[in-house]
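Given the structure is predicted, the values throughout are model-derived calculations rather than measurements. Position 1 is the first residue of the sequence; numbering continues from there.
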Amino acid sequence: MEPVLSVNNLCVTLYTEQGALPVVDNVSFSLDKGKTLGIVGESGCGKSMLASAIIGLVSHPGKITGGSILFEGQDLTRLSQKQLRTYRGSCMSMVFQEPMTSLNPLMTCGAQISECLRAHRSISKKEANQIALEMIESVGIHDAPTVFRQLPIQLSGGMRQRIMIAIALVCKPRLLLCDEPTTALDVTVQAQILKLIRKLQKETGAAVIFISHDMGVISEMSDSVAVMYAGKLIEYGSANDIFSNPQHPYTKALQQAIPRPDVDVAELETIPGMVPLLHQIPAGCVFAPRCRFADERCTANRPQEIPMGCRGSACFHPLGTQGAQ
């Protein structure tokens, strides 16, 4: 079976006064129908830029400079913006991180859902409004007729995020990208949103890319996991493998930074330093300056890229080998 999405050696570059800066560097993975890929990493690791490239939202000063993005066999990197608009919102959709800046503050919630539907389907305004009303109900909003007529500012953060999900799913896309959709929400609402996404995915069979810096959320949502750091894919595998047997020191460090109710520790571990700025990417392994296992080989050489769909890590000293326990 052909995967819904196949990303091959994708490169995205930002052109600035400091030169051409790689923000996504030779990233490859695939995603099947009905499956969820979790993409995790600290802020500034290229997760959102990767999602923007997939859905065709990279604009100046950014540019896709290499690789391919195959959606159901069609290379999206070869399409014009006009052609991409036939895919966005219809075949693929995105739930953005902050609904208050993503929703139109001057349009009612119902009108925004209806507008997306009419942009991609040949139906009347009355039919679109009825489907929009049903969609509001399907995302767990009880008083749908009232919310249909309200502006985004009149809703809570959780309600606005549900409206974003309704807009993303109203045309029944085969690929849904969720870019940290629960970041600004409290724990209770976050759990509700995650449950809703899983429920709607099960009903539609959509493939989902779920982006987060929260390893706990990724472990709950994902079938497979891609770990990104400084624009590179540094570990990839099934969710079970990644969380039970991490190979890259960065992946292990992210896990150890999460408080666990079943483990009593006096102090959580931290990762020293920060994600490098784009114009300060080290010549060797991108994680070497923050890694306690790094040696001369790490600082002078780049680890081999992870082959498409293979379990592995881009590391000279993967965990479990001598000297990296």
Name the atoms and distances for all side-chain donor-acceptor pairs under 3.5 Å in residues 24-32, with sequence neighbours left out.
| unit_1 | atom_1 | unit_2 | atom_2 | d |
| --- | --- | --- | --- | --- |
| D25 | OD2 | K232 | NZ | 3.4 |
| S28 | OG | N9 | N | 2.7 |
| S28 | OG | N9 | OD1 | 3.3 |

(request) Kindly write out the residues that satisfy salt bridge (charged side-chain N to carboxylate O under 4.0 Å, His left out) with E72, not counting sequence neighbours, or none if the list is empty. (result) R174
(message) If I compare all heavy atoms of A128 with all of L117, which pair ends up nearest, and what's the gap?
(response) CA-CD2, 3.7 Å
(message) With heavy-atom distances below 4.5 Å as the criterion, would you say the side chains of V217 and Q190 are in contact?
(response) yes
(message) I want to check something: taking the side chain as every heavy atom from C-beta on, are V275 and C45 in contact at a cut-off of under 4.5 Å?
(response) yes
(request) Please answer whether the main-chain N or O of I242 pairs with a side-chain N or O of Q255 as donor and acceptor at a distance below 3.5 Å. (result) yes
(request) Taking all heavy atoms of R290 and all of Y229, pick out the closest pair and write down the distance. (result) CD-OH, 3.0 Å
(message) Whether the side chain of S93 engages the backbone of A168 through a donor-acceptor N/O pair (distance < 3.5 Å, no angle test) should be reported.
(response) yes
Taking only distance into account, with no hydrogens and no angle test, what donor-acceptor pairs under 3.5 Å do side-chain atoms of residues 51-62 form with protein atoms, sequence neighbours excluded?
| unit_1 | atom_1 | unit_2 | atom_2 | d |
| --- | --- | --- | --- | --- |
| S52 | OG | S48 | O | 3.0 |

(request) State the SG-CD1 distance between C109 and I136, to the nearest 0.5 angstrom. (result) 6.5 Å
(request) Using the test side chain to side chain contact (heavy atoms under 4.5 Å, CB included), find all partners of S219 that sit at least two apart in sequence or belong to another chain. (result) F243
(message) Please give me the minimum heavy-atom distance between F210 and I197, naming the atom from each residue.
(response) CE1-CD1, 3.9 Å
(message) Would you say V170 ends up clustered with I123 if hydrophobic residues are merged whenever their side chains have heavy atoms under 4.5 Å apart, either directly or through other cluster members?
(response) yes
(request) State plainly whether one hydrophobic cluster holds both L10 and L70, where clusters connect Ile, Leu, Val, Met, Phe, Trp and Tyr through side-chain heavy atoms under 4.5 angstrom apart. (result) no
(request) Quick one: pull up OG1 in T251 and CE in M215 and give me the separation to the nearest 0.5 Å. (result) 6.0 Å
(message) How long is the straight-line distance from CD1 of I234 back to CD1 of I306, given to the nearest 0.5 Å?
(response) 8.0 Å
(message) Is the shortest side-chain heavy-atom distance between S212 and V40 below 4.5 Å?
(response) no
(request) Check for a donor-acceptor pair, side chain of T16 on one end and backbone N or O of Q18 on the other, with a separation under 3.5 Å. (result) yes
(message) Tell me which pairs pass side chain to side chain donor-acceptor pair (under 3.5 Å) where either residue lies in residues 149-165, with sequence neighbours left out.
(response) R162-Q192
(message) Closer than 3.5 angstrom, by distance alone: can the side chain of K47 be matched with the main-chain N or O of E42 as a donor-acceptor pair?
(response) yes
(request) Would you check if C298 and F287 make a side-chain contact, meaning some heavy-atom pair closer than 4.5 Å? (result) no
(request) Drop me the distance from E137's CD to E134's CD, to the nearest 0.5 angstrom. (result) 7.0 Å
(request) Please tell me if the side chains of V147 and I163 come closer than 4.5 Å, counting only heavy atoms from C-beta onward. (result) yes
(message) Quick check: do V139 and L196 have side-chain heavy atoms less than 4.5 Å from each other?
(response) yes
(message) Test your reading of the model: is there a side-chain donor-acceptor pair from E235 to the backbone of H248, 3.5 Å cut-off?
(response) yes
(message) Would you say that C285 contacts P303 through its side chain, given a criterion of any heavy-atom pair below 4.5 Å between the two side chains?
(response) yes
(message) Would you say that more than 12 heavy atoms from the other residues, nucleotides or ligands in this model lie under 6.0 Å from the CE of M274, or not?
(response) no
(message) I need the full list of side chain to side chain donor-acceptor pair (under 3.5 Å) pairs touching residues 102-114, with sequence neighbours left out, sorted by first then second residue.
(response) S114-N129
(request) Over all heavy atoms of both residues, which pair between A239 and S222 is shortest? Give the atoms and the distance, please. (result) CB-O, 3.3 Å
(message) Please check: side-chain N/O of E180 versus main-chain N/O of I211, any donor-acceptor pairing under 3.5 Å?
(response) no
(message) Would you say that V286 contacts P276 through its side chain, given a criterion of any heavy-atom pair below 4.5 Å between the two side chains?
(response) no
(request) Measure the CG-CG distance between L177 and L5 for me, rounded to the nearest 0.5 Å. (result) 7.5 Å
(request) Grab the two heavy atoms, one from G205 and one from K33, that are nearest each other, plus how far apart they are. (result) O-CG, 3.2 Å
(request) Measure the spacing between NZ of K172 and OG1 of T204 and express it to the nearest 0.5 Å. (result) 8.5 Å
